[in-house]
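This report refers to the structure that appears directly beneath it.
In listed order, ligands and their atoms are each counted from 1.
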Amino acid sequence: MGILNLFRGKAPAKIVGERPVPRHIAVIMDGNGRWAKKRGMPRSAGHAVGAETFRTIATYCKDIGVQYFTVYAFSTENWKRPKEEVDALMDLFRKYLKEAAETMFQRGVAVRVLGDLTPLPADIHAQIEEVDAIADKLGPDAATASLCINYGGRDEIKNAVRALAREVKNGTIAPEDITEDSISAHLYTSHMPDPDLIIRPSGEIRTSNFLLWQSAYSEYYFTDVLWPDFSTADMDEAIDAFNRRSRRFGGV
Ligand code: FPP
């Protein structure tokens, strides 16, 4: 891919060190359960190792110049899992969120939580407020690692539509004022560019309701590696594959 192609379209890659890196990388952290099963461990152990992988890869992304790193940690559909697995994931958020935010703050990474947080237990809400306060100290230009919790792409779009409908109803805007940009502005990701690259490990090839609106022109990268095993070398491979692609954003 010619260097000029990298700067076509609305989300140019940033050249850091020797090669360009995407501005925004998102990951569907899949394969934790299978990773644990292969080792005769409970699924929750896979999630715990997956949380460590999140910290390693998010920090690596910051180090190589990726501005936004966003992961799918708990979907609006994950409540359907057995209660003990949901409880274990909530416990992981409880134990890990603030500690991860503190250690990542030391490395210059702002941790944020995105999603419909209303159904989460009150103590996790309190943790998320603390996580936000830690991230605020880094200022608006810091590299950001966002965890999507109780996130669903359709749910997010539904909430944006409801908010816009309310604005039309109370006369703040006219229906014609609803634009692609105003819809984007009502999503959880309003403060960041759309993801350039979305990675799904573990051999599954579907989007699973992740960043549906934002992924219109994202490049997808699939790998058989299970998320707990995903290494910085795997991230390098994904970025190299991204850099070999020609993004045309519907043009020629
Ligand atoms: C999908 O793998 C993964 C999840 C539903 C949970 C992901 C959450 C984490 C890694 C924890 C992150 C938390 C923090 C605080 C960083 P799966 O369980 O569906 O795997 P399987 O397809 O192999 O069963």
Side-chain angles (χ1 to χ4, degrees), residues 25-62 68-107 109-117 119-121 123-132 134-135 143-153 155 198-211 222-231 234-235:
I25 298 180
V27 176
I28 300 172
M29 302 190 290
D30 201 7
N32 300 333
R34 277 163 284 167
W35 184 93
K37 194 171 173 208
K38 268 181 23 187
R39 288 162 179 77
M41 295 158 96
R43 292 175 59 81
S44 56
H47 296 316
V49 178
E52 271 316 308
T53 306
F54 160 76
R55 177 157 38 191
T56 307
I57 299 297
T59 308
Y60 181 65
C61 280
K62 189 259 169 191
Y68 299 97
F69 180 70
T70 304
V71 297
Y72 208 1
F74 192 89
S75 75
T76 44
E77 289 72 38
N78 284 155
W79 299 104
K80 289 187 270 188
R81 293 194 174 205
K83 183 179 181 309
E84 64 177 53
E85 184 171 347
V86 171
D87 287 349
L89 276 163
M90 292 300 144
D91 252 2
L92 192 57
F93 298 142
R94 203 167 264 127
K95 292 197 186 104
Y96 189 90
L97 262 179
K98 190 172 160 219
E99 197 244 304
E102 274 163 353
T103 55
M104 290 167 72
F105 168 81
Q106 304 300 333
R107 302 286 298 271
V109 183
V111 174
R112 298 283 182 187
V113 179
L114 311 179
D116 175 7
L117 307 180
L120 298 177
D123 63 321
I124 297 183
H125 266 270
Q127 286 243 351
I128 293 172
E129 276 174 29
E130 291 185 51
V131 165
D132 266 335
I134 296 168
T144 303
S146 304
L147 278 156
C148 297
I149 299 181
N150 195 34
Y151 173 87
D155 186 63
I198 300 181
I199 300 171
R200 183 161 196 163
S202 93
E204 307 290 354
I205 305 183
R206 56 178 170 269
T207 62
S208 296
N209 204 14
F210 187 45
L211 302 176
F222 299 99
T223 169
D224 288 340
V225 176
L226 303 177
W227 176 247
D229 288 331
F230 194 91
S231 65
D234 293 315
M235 181 53 86

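Using a distance-only test at 3.5 Å, with no hydrogens or angles considered, no donor-acceptor pair links the side chain of Tyr68 to the main chain of Ser146.
Remark: minimum distance from atom 16 (C) of ligand 1 to any protein heavy atom is reached at Phe54 CD2, 3.4 Å. Of all protein heavy atoms, the one lying nearest to atom 1 (C) of ligand 1 is Met29 O, 3.3 Å. The closest protein non-hydrogen atom to atom 6 (C) of ligand 1 is Ala73 O, 3.3 Å.
If you check each of Tyr96, Tyr72, Phe93 against atom 13 (C) of ligand 1, the one with the closest non-hydrogen atom is Phe93. Of all the listed residues (His47, Arg34, Arg81), Arg81 holds the heavy atom that lies closest to atom 19 (O) of ligand 1.
The closest approach between a heavy atom of Ala100 and any atom of ligand 1 is not below 4.0 Å.
Atom CZ of Arg43 and atom CZ of Arg81 lie 5.0 Å apart (nearest 0.5 Å).
Heavy atoms of Val71 found under 4.0 angstrom from ligand 1: none, in either backbone or side chain. With a 4.0 Å heavy-atom cut-off, ligand 1 is reached by the side chain of Arg43 but not by its N, CA, C or O.
For Trp35, no nitrogen or oxygen atom sits less than 3.5 Å from a nitrogen or oxygen atom of ligand 1, counting backbone and side chain alike. Annotation: Gly33 places an N or O atom under 3.5 Å from an N or O atom of ligand 1; distance criterion only. Annotation: Gly31 places an N or O atom under 3.5 Å from an N or O atom of ligand 1; distance criterion only.
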